[in-house]
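To start, the structure itself, in structure tokens.
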Amino acid sequence: MTVQERLAALRSLMKEKHVDAYLVPTDDFHGSEYVGDYFKCRKYITGFTGSAGTAVITSDMAGLWTDGRYFIQAAQQLEGTTVTLFKMGEPEVPTIHEFLKDKLTEGMCLGFDGRCVSAAETEELKSLLADKNIRFSVEEDLIGEIWKNRPELSCEPVMELEEKWAGKSRADKCAQIREKMAEKGADAFILTSLDDIAWLLNIRGNDIHCCPVVLSYLVMTQDEILLFANEKAFDTAVRNSLEKDGVVLKPYNDIYQYVKTIPESRTVLLSRKNANSRLVSSLPDSVKILDEENLTLLPKAIKNPVEVENERIAHIKDGVAVTKFIYWLKKNVGKTTITELSAADHLFALRKEQENFLDNSFDPIVSYAGHAAICHYSPSSETDIPLEPHGLALCDTGGHYLEGSTDITRTVVLGPVTEKEKKYFTLVLKGHLNLAAAKFRYGCTDLNLDYIAREPLWQLGEDYNHGTGHGVGYLLNVHEGPNRFRWKTAPGQSACVLEEGMITSNEPGYYVENEFGIRHENLIVCKKAEKTAYGQFMCFENLTMVPFDLDGIVPELLSDHEKELLNQYHAEVYTKISPYLNEEEKQWLKEATREI
């Protein structure tokens with residue numbers, strides 16, 4: 001079926017069920033950023049494949065809302081359909097809520113699958129539309145009713161993450177969370193975020209592409225831990241290990257009936273912005289809800305010393321693979337056919353040579369020339385193009401290792417480049433170097449530091465339409481909160497104090513539509529610096545160990561301090577990576593990390 005045919009089928013069903021507007025988010029039942037194939041309803045109904053976006057379908061229009069990372073991609077993929085692109089955050093573009101407030105009239109009905117919309121979002125919509133007496137239909141999955149041959153729910157095998165990798169036992173983590181529950185007076189803690197559950201129980205799976213998580217819900221009390229998941233995914237050894245620590249397996253979908261049985265006198269702690277609305281609405285009315293951030297959020301984000309040391313090891317392995325890749329790419333481009341896809345495949349093969357490598361941490365972004373201007377472009381058989389011996393290739397990739405997860409972007413000079421390309425290559429690098437070298441008092445947040453990376457571009461009235469950085473999980477989601485670098489908070493977000501052990505990406509960029517894209521990304525870990533009369537100071541340590549392409553730099557645009565920062569970084573890269581290279585690669589790396 002075409003997009004138009006799918007929309008027609010959905011509208012027919014909406015008319016039959018008296019639904020006037022239908023909301024289709026990207027989410028699964030757990031609020032995950034990336035979702036399994038079963039949950040890709042928004043992709044199915046609009047044709048847009050990006051990882052973020054929400055569709056609204058009415059009788060006479062279909063709209064897709066997405067953010068600046070996907071403006072170019074969405075415009076291309078929606079071309080020829082009847083779906084209208086709404087560029088979130090742009091002047092005069094209504095938010096989804098504003099659109100619904102304007103579009104829906106007295107007594108109309110708004111529908112969505114209540115398992116795919118958070119309780120917080122549902123309550124906001126009900127409050128927003130209360131004066132129009134809008135009805136809500138949230139018990140049915142209308143997309144599921146028209147989606148023929150829909151993929152099955154994933155049920156991949158579950159593995160246990162040993163303490164030598166996790167740094168802390170499952171029992172100790174659960175005891176820590178129970179202490180917090182007692183402090184807050186909570187009888188039960190309901191956890192629905194898949195990365196939080198995997199972190200807490202020291203388990204990993206593969207139920208979302210590139211995200212080693214397990215489809216599950218968890219309920220913890222002081223006496224029991226119930227894990228609602230597909231039992232077929234757990235072998236005997238993992239099941240016995242969980243049971244030893246008091247974790248009882250229950251069928252995945254039984255969570256909705258279970259929460260109805262929670263005694264009405266109990267106090268339940270959960271995060272309404274994470275838990276879906278159908279689950280929360282299934283709780284007895286008189287149950288007291290403590291609506292707070294998940295108790296696992298900060299402990300998961302603040303990596304323990306074992307995790308940090310493991311991540312250093314992972315990044316050396318990853319640095320070897322990516323350095324070998326850049327050497328291979330620069331040596332062979334123009335001499336043999338290399339495309340975006342074949343380059344990504346070659347890098348995967350190099351990572352696979354590293355001990356304890358498991359998989360990509362996200363779909364590789366290897367993009368050449370104008371494709372690189374699409375921030376989150378990922379090559380496909382339909383879009384794949386050859387790399388040529390001129391211009392820039394942007395390579396944003398990462399890997400999962402038992403020692404942790406990586407995420408790195410290098411913009412590679414393939415041959416002659418324009419002065420404009422070199423200018424912005426250098427300006428973006430200036431911001432990157434200065435953010436990595438920041439020293440700041442404890443208590444500073446992402447909002448305090450983001451400006452450092454953007455300043456070289458802002459001086460020229462230029463910018464980039466994405467955050468400067470995101471938190472990264474330990475063998476978990478490559479995007480993890482609450483730490484990030486942003487110059488303003490998004491709806492539902494708050495500023496995050498940067499704590500020792502938090503791992504965050506540092507990735508400023510610059511993009512010119514149909515011409516080129518530039519991004520320089522390392523992962524950095526927050527550390528304590530000196531403590532003075534003014535308090536505790538903090539700093540960052542680079543985890544990523546891969547050279548920046550000196551062929552793209554205009555040295556005159558770097559200050560002496562910035563040159564020193566780059567030279568120090570490159571000296572460290574050579575020291576840590578060269579022992580794992582052959583003689584030819586080692587000589588190339590020596591030149592690639594030369595002082596400027």
Side-chain angles (χ1 to χ4, degrees), residues 30 32 156-181 189 191 193-208 210-216 218 220 225 227 229 233-235 237-247 249 294-318 354-359 361 398-407 471-483 499-504 523 525-527 541 543:
H30 307 275
S32 305
E156 291 290 314
V158 174
M159 64 172 273
E160 189 163 19
L161 192 66
E162 296 178 53
E163 192 174 338
K164 67 179 180 179
W165 310 120
K168 196 169 187 177
S169 71
R170 173 168 51 237
D172 286 345
K173 289 180 177 181
C174 291
Q176 178 185 4
I177 299 304
R178 280 175 164 145
E179 285 181 13
K180 291 188 176 184
M181 288 172 57
F189 172 39
L191 189 57
S193 305
L194 301 183
D195 53 332
D196 289 83
I197 295 171
W199 173 85
L200 178 62
L201 298 184
N202 283 349
I203 58 175
R204 299 294 189 270
N206 191 31
D207 282 336
I208 298 178
C210 294
C211 300
V213 295
V214 181
L215 285 176
S216 54
L218 183 140
M220 175 186 283
I225 303 170
L227 179 64
F234 298 77
D235 66 22
V238 175
R239 187 181 294 113
N240 288 343
S241 180
L242 288 167
E243 289 177 356
K244 182 181 176 182
D245 287 324
V247 181
L249 275 173
N294 285 329
L295 299 178
T296 48
L297 182 67
L298 272 179
K300 174 170 60 74
I302 300 172
K303 309 300 185 287
N304 62 54
V306 172
E307 289 175 312
V308 173
E309 183 54 34
N310 283 340
E311 283 280 8
R312 292 188 181 105
I313 295 169
H315 279 83
I316 290 176
K317 292 179 178 182
D318 207 59
Q354 303 300 314
E355 184 182 16
N356 293 333
F357 174 74
L358 300 175
D359 198 1
S361 56
H400 286 309
Y401 301 80
L402 287 174
E403 292 89 353
S405 302
T406 70
D407 182 3
V472 177
Y474 184 94
L475 186 48
L476 276 174
N477 294 345
V478 77
H479 295 155
E480 174 185 280
N483 48 306
E499 302 279 356
E500 183 176 37
M502 286 182 168
I503 294 176
T504 315
L523 296 192
V525 59
C526 187
K527 298 170 59 178
E541 171 193 335
L543 293 174

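Computed from a predicted structure; not experimentally measured.
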Side-chain ion pair, E311 and K303, N-O less than 4.0 Å: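 Judged by the 4.0 Å cut-off on N to carboxylate O distance, E311 and K303 do not form a salt bridge.
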
Do any N or O atoms from the side chain of [X] and from the backbone of [Y] form a donor-acceptor pair under 3.5 angstrom?
X: N202; Y: E162; value: no
X: N310; Y: L402; value: no
X: R170; Y: V247; value: no
X: R204; Y: P212; value: no

If I compare all heavy atoms of [X] with all of [Y], which pair ends up nearest, and what's the gap?
X: E480; Y: A301; value: OE2-CA, 3.5 Å
X: L191; Y: D196; value: CD1-CB, 3.8 Å
X: L523; Y: S405; value: CD1-O, 3.9 Å
X: T406; Y: A314; value: CG2-O, 4.2 Å
X: L297; Y: P482; value: CG-CD, 3.8 Å
X: E500; Y: K527; value: CG-CA, 4.1 Å

With no hydrogens and no angle check, do the side chains of [X] and [Y] hold a donor and an acceptor under 3.5 Å apart?
X: E307; Y: N304; result: yes
X: E403; Y: N356; result: yes
X: H400; Y: S361; result: no

So [Y] and [X], do their side chains get closer than 4.5 Å, heavy atoms only?
X: Y474; Y: W165; result: yes
X: L227; Y: V214; result: no
X: P299; Y: K168; result: no
X: I203; Y: M159; result: no
X: N294; Y: F189; result: yes
X: S32; Y: I208; result: yes
X: K173; Y: D245; result: no

Between atom [atom1] of [X] and atom [atom2] of [Y], what is the distance when rounded to the nearest 0.5 Å?
X: L201; Y: S216; atom1: CG; atom2: OG; answer: 7.5 Å
X: E160; Y: L242; atom1: CD; atom2: CG; answer: 6.5 Å
X: I197; Y: L218; atom1: CD1; atom2: CG; answer: 5.5 Å
X: N206; Y: L215; atom1: CG; atom2: CG; answer: 10.5 Å
X: S193; Y: L200; atom1: OG; atom2: CG; answer: 11.5 Å
X: C526; Y: N483; atom1: SG; atom2: CG; answer: 9.0 Å

